[in-house]
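Reading through the structure tokens given below for one structure.
Small disclaimer: the values here were computed from a predicted structure and weren't measured. In what follows, every chain begins at residue 1, and chains take the letters A, B, ... in the order their sequences are listed. Because only heavy atoms are used, hydrogens play no part in the values below, and waters and symmetry mates are left out as well, while side chains stay in.
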Protein chains: 2
Amino acid sequence: MEHRIDNIKKQLHAQSYKLTPQREATVRVLLEREEDHLSAEDIFLLVKEKAPEIGLATVYRTLELLSELKIVDKINFGDGVSRYDLRKEGAEHFHHHLVCIECGSVEEIVEDLLKDVEKIVENDWQFQVKDHRLTFHGVCKQCQKITIKS
Amino acid sequence: MEHRIDNIKKQLHAQSYKLTPQREATVRVLLEREEDHLSAEDIFLLVKEKAPEIGLATVYRTLELLSELKIVDKINFGDGVSRYDLRKEGAEHFHHHLVCIECGSVEEIVEDLLKDVEKIVENDWQFQVKDHRLTFHGVCKQCQKITIKS
DNA sequence: ATTTCTGCAAACTGTTTGCATCGTA
DNA sequence: TACGATGCAAACAGTTTGCAGAAAT
């Protein structure tokens with residue numbers, strides 16, 4: 001945990017940004033809730049518990065900054081809200097998501113399943129891939145059981 | 001073209017919706033600009049050229065309806081705007097996109113490159129896939145050339 | 001002293017909703 | 001006549017921006 005904060009601090013410093021208390025509080029929330037896919041508002045409320053003076057605009061600005069530095073990835077599951085997801089340590093590519101259309105849960109796939117597909121795209125379409133977004137929409141394990149029961 | 005309109009008309013009727021003049025005008029714009037990835041506003045302006053009385057709300061309502069019937073797919077490339085993309089005739093799955101981070105162009109991949117990945121997800125994660133969204137971000141053919149030149 | 005960052009409020013953008021009206025079964 | 005569909009304007013939600021003050025270098 002602490003070493004990840006340090007790491008992020010270094011990445012900020014490398015681009016001559018500071019890890020201010022507000023930014024640190026935001027990053028800590030992201031670390032603590034790494035499994036979740038929080039919206040800016042969610043993050044704001046959680047940060048506020050630790051640092052009540054913080055403003056929503058600062059959270060947005062911090063998230064934008066972290067996005068630019070590729071420390072977090074901004075995703076959008078189709079509801080109008082942006083969500084922010086910490087990159088896994090050392091991950092080159094953004095991980096994939098499984099969104100359940102029944103219960104709304106979001107599961108993560110950390111394995112890169114797109115290596116082959118990416119090669120095809122680079123060869124056949126001459127497109128130089130830098131990043132990707134892959135989301136599957138469907139029914140999660142739990143909801144499949146429930147559907148069978150009912 | 002006309003047979004596709006007819007087809008959509010039938011799909012609407014099957015769910016007891018009507019293909020009103022406004023809806024038809026909207027669908028025609030989508031057909032004419034199938035290659036593009038238009039926002040609601042874009043579509044509104046184009047529809048307005050043919051049917052100046054139409055309101056933006058109607059366009060939104062039409063697009064929502066077409067989305068529900070899976071005639072169009074709603075996508076979001078990360079700028080805050082929803083874009084609407086006609087499903088290819090008979091396509092089961094949504095096609096993929098290549099978004100160029102230099103020039104913003106969007107290319108489509110109609111081939112389903114995810115068959116294998118989907119199998120893996122269904123087997124290893126017990127997740128029943130219904131649909132997917134796959135977008136690659138990177139540098140398109142044209143922009144690669146330009147970058148080399150400069 | 002200069003520059004960066006913050007908090008607040010106001011502004012903005014894309015989208016949705018309420019409601020009176022219109023069109024058609 | 002009844003009901004879905006429309007146009008308009010107002011409402012809304014999420015996000016961004018301008019600005020004056022605070023913090024850090």
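Side-chain contact between A:L86 and A:I71 is present, with heavy atoms from C-beta onward closer than 4.5 Å. Annotation: side chain of A:E24 is not in contact with side chain of A:K9 (no heavy-atom distance under 4.5 Å). Residues A:D131 and B:I101 are not in side-chain contact: their nearest non-hydrogen atoms beyond the backbone lie 4.5 Å or more apart.
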>> Output one letter per nucleotide in nucleotides 6-19 of chain C: B when a protein non-hydrogen atom lies under 4.0 Å from the base, S when only the sugar-phosphate is that close, - when neither is.
In response: BBB-----SBBBB-
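Remark: B:Y17, B:K18 in residues 9-19 of chain B come within less than 4.0 Å of DNA chain D through at least one heavy atom.
Other residues sharing a hydrophobic cluster with B:F127 under the 4.5 Å side-chain heavy-atom criterion for ILVMFWY residues are A:L98, A:I109, A:L113, A:L114, A:V117, A:I120, A:V121, A:W125, A:F127, A:V129, A:L134, A:F136, B:L98, B:I109, B:L113, B:L114, B:V117, B:I120, B:V121, B:W125, B:V129, B:L134, B:F136.
Residue pairs meeting the side chain to side chain donor-acceptor pair (under 3.5 Å) criterion with at least one partner in residues 34-43 of chain A, sequence neighbours excluded, are A:R4-A:E34, A:R33-A:D36, A:H37-A:D85, A:H37-A:H97, A:H37-A:E108, A:S39-A:D42. Applying the ring-ring contact (aromatic ring centres under 6.0 Å, His included) rule to pairs touching residues 4-33 of chain A yields nothing, sequence neighbours excluded. Screening residues 44-60 of chain A for side chain to side chain donor-acceptor pair (under 3.5 Å), with sequence neighbours left out, gives A:E32-A:K50.
Rounded to an integer number of Å, the gap from CD of A:E68 to C1' of D:dT16 is 14 Å. Note: CG (B:D79) to P (D:dT15) measures 13 Å, nearest angstrom. When the P atom of C:dC5 is taken as reference, atom CG of A:L65 falls 8 Å away, rounded to whole Å.
With respect to the salt-bridge test (charged N to carboxylate O, under 4.0 angstrom), the residues A:E2 and A:R28 qualify.
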